[in-house]
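Numbered from 1 within each chain, the chains take letters A, B, ... in sequence-line order.
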Amino acid sequence: MSEVTEQMRRHSAAHLMARAIQNIFDDVQVDIGPATDEGFYYDFDLPHRLSPDDFPKIEAEIARLIALDEPFVRKVVSREECAKMLEGQHYKLDRLSDIPEGEDISTYTVGDYAEMCRGPHVEHSKQIGVVKLTRLAGSYYRGDEKNKMLQRVYGVVARDEAELKAMMERIEEAKRRDHRRLGVELDLFHLDPEDPGQIFWHPKGWSVYVTLQDYMRRKIVADGYQEVNTPALMPRSLWEKSGHWDHYKANMFITESEKRIFAVKPMNCPGALEIFKSRMRSYKDLPLRLAEFGHCARNEPSGTLHGIMRVRGFVQDDAHIICTQDQIGEEVAKFCRLLKDVYKDFGFDKNLLVKLSTMPEDHVGDEATWQRAEAALAEACKACGMDYVIQPGEGAFYGPKLEFKITDALAREWQCGTIQLDYQLPSAERLNAEYVGPDGQKHHPVMLHRAVLGSLERFIGILIEHYAGAFPLWLAPEQVRVLPVSDKALAYAEKTAEALRAIGMRVGIDSSAEKLGAKIRAATMEKLPYQIVVGPRDEANGTLSVRSRAEGDLGAMTLDAFIERVKAEKYVL
RNA sequence: GCCAGGUUAGCACAAUGGUAGUGCAACGGUUUUGUAAACCGUAGGUUGGGGGUUCGACUCCCUUACCUGGCUCCA
């Protein structure tokens, strides 16, 4: 028999949990319970409202079932036999009807408990190990919010108590990296419960923000973009023409002035097209790459908000490329090169997940155009050596897209970069953007919506967790702090700080009355890249005593030597 | 928005129906300090908001806002 995989153990644990819950509670309807990357879950519908207080009882029952060490027995059955077995389990029966005619229907039986399941499973229940339930959640049947919400129980599986403990410690470590926690500890930003989803950036957090933004600005200017800025508040008439009023109104913040309705922009694209339309455009102007760090507001449902990663007010490193149909391929490839170049600077180029979303059922435009567009996206990925997975039918109704995803400290995926093809917005039905072609006729251009970092807010959230708050030198809000050993060294400390500020470094001085040890501890807790200790001895020798976050005490060196060091480390990227 | 669980001082947490505490941070004083926490003192709260039960509520019930974990959605 084949080896027992982690997936098999998790999936088998899910079966035993379903059995345990049915043993304990009455009138349990079971849905499905797959293994996940982390553990497993199972969805139930039962009159009893499950709570974490129920976990010990359920875990004990699962442990009892595991200890019985019963075999998991697979059997191929007829549709009728399976339906008979599932009598009264209407979610399961509904799932049974999904299985195409002619396909094998298998069941797994363990002890007195049988379930329709594709498998595979462990051979004996003891192979599962230790099961711990971790959390409880609601989940719509078949993932559709129109359906009933079921109760989902999540759990993890470990070989033994020691491995379980190690798993729990990993979760604790991830929590320590959580950007919401570090954001407060490092005094980067705060969120006000009275103003949900809006970020108050503190001096240090804003330093990271503008440093990142300036970096991105240099990158895009070098790549042929021009930066623009468009109004935050735009009139209803514009949103009606763009289609947002019909399709996006629920997510827009709407306001009124002198009987006219305005909306805070949820996207920058109409603004970019207004600029394009402000004068007659020639095919010689294309591609036109208009970048905008525009502040957008989206009224996201309260349940979706998450720290600074999912908010209601944010800025994307947004740009709109207005081009001809023929230019799409080259523009997408150019974008992918830029994205890869940028991600490399953060170490995100390696485990990057690229998703290509193709034509949905509900779409505009003919299929041939869609196919060409999808091919252009796929081609661009290949040209840059990026693997991608296809998400069939997940594209926007106006065009296919590429999404670039990064994983946070708690293993959640976040979409950062994206490039979306849009045939709709520039069309006559929408904002009616036109250029004069070589034939002297007017044509509608194609629009590419794209962002490399996604929203700056989300990207910074990911960076905080990625670096565990220890920003690389170029991004650190305070790159160096000078620590005078006492007031007597204060003048020399100030002179040193001035010299470093003169080369554009962000420098602080700890002039508090604390002892040196306490100053070092404080700077260390704040994760500063460099600390420079100065005292009478340094002043006499004309040196600095340097401490690096990565390497500890580096001993005495001259100011010039330190400057050489930070230049080599690229204190500006 | 939906399901579940939370909300106690700036932060991290305690107090299971009977006088709201501890640590760090803050503030004041003393100490002038050489590589991860000097010492002493002070102040800080209508226990998220509102309502109810009770002689008495941080504690029990209802309601509301927000947060957390998922689901749906999404940068």
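A donor-acceptor contact under 3.5 Å is not formed by the side chain of A:Q531 with the base of B:A36. A donor N or O paired with an acceptor N or O is not found under 3.5 Å between the base of B:G70 and the side-chain atoms of A:Y140. For A:S139 against B:G70, a side-chain-to-base donor-acceptor contact under 3.5 Å is absent.
Evaluation of A:F314 against the base of B:A75 yields a stacking contact (centre distance < 5.5 Å, interplanar angle < 30°).
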Task: Pair A:D45-A:Y91, side-chain hydrogen bond (donor to acceptor under 3.5 Å, both in side chains): steps then yes or no - done: CA-CA 9 Å; A:D45 189 9; A:Y91 295 106; 2.7 Å; yes
- [ ] Would you check, one step at a time, whether the test side-chain hydrogen bond (donor to acceptor under 3.5 Å, both in side chains) holds for A:H449 with A:D422?
- [x] CA-CA 7 Å; A:H449 309 252; A:D422 187 352; 2.8 Å; yes
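Side-chain contact between A:V315 and A:E457 is present, with at least one heavy-atom pair separated by less than 4.5 Å.
Here A:G517 lies in heavy-atom contact (under 4.0 Å) with sugar-phosphate atoms only. Using a 4.0 Å heavy-atom distance criterion, A:A518 is classed as a sugar-phosphate-only contact. Looking at heavy-atom distances under 4.0 Å, A:D318 makes no contact with the nucleic acid at all. Among the protein residues, A:V534 comes within range of no part of the nucleic acid, since none of its heavy atoms lies under 4.0 Å from any strand.
Each of A:L483, A:I532, A:L528, A:I520 was scored for a side chain to side chain contact (heavy atoms under 4.5 Å, CB included) with A:R547, with one residue passing: A:I520.
A sub-4.0 Å separation between OP1 or OP2 of B:C3 and a side-chain N or O of A:R49 is absent. Residue A:Q415 places at least one side-chain N or O under 4.0 Å from the OP1 or OP2 atom of B:A75. Contact annotation: A:K515 does not reach the phosphate of B:U31 (side-chain N/O to OP1 or OP2, under 4.0 Å). A sub-4.0 Å separation between OP1 or OP2 of B:G69 and a side-chain N or O of A:H306 is present. Phosphate proximity of B:G70 to A:R310: absent, as no side-chain N or O sits under 4.0 Å from OP1 or OP2.
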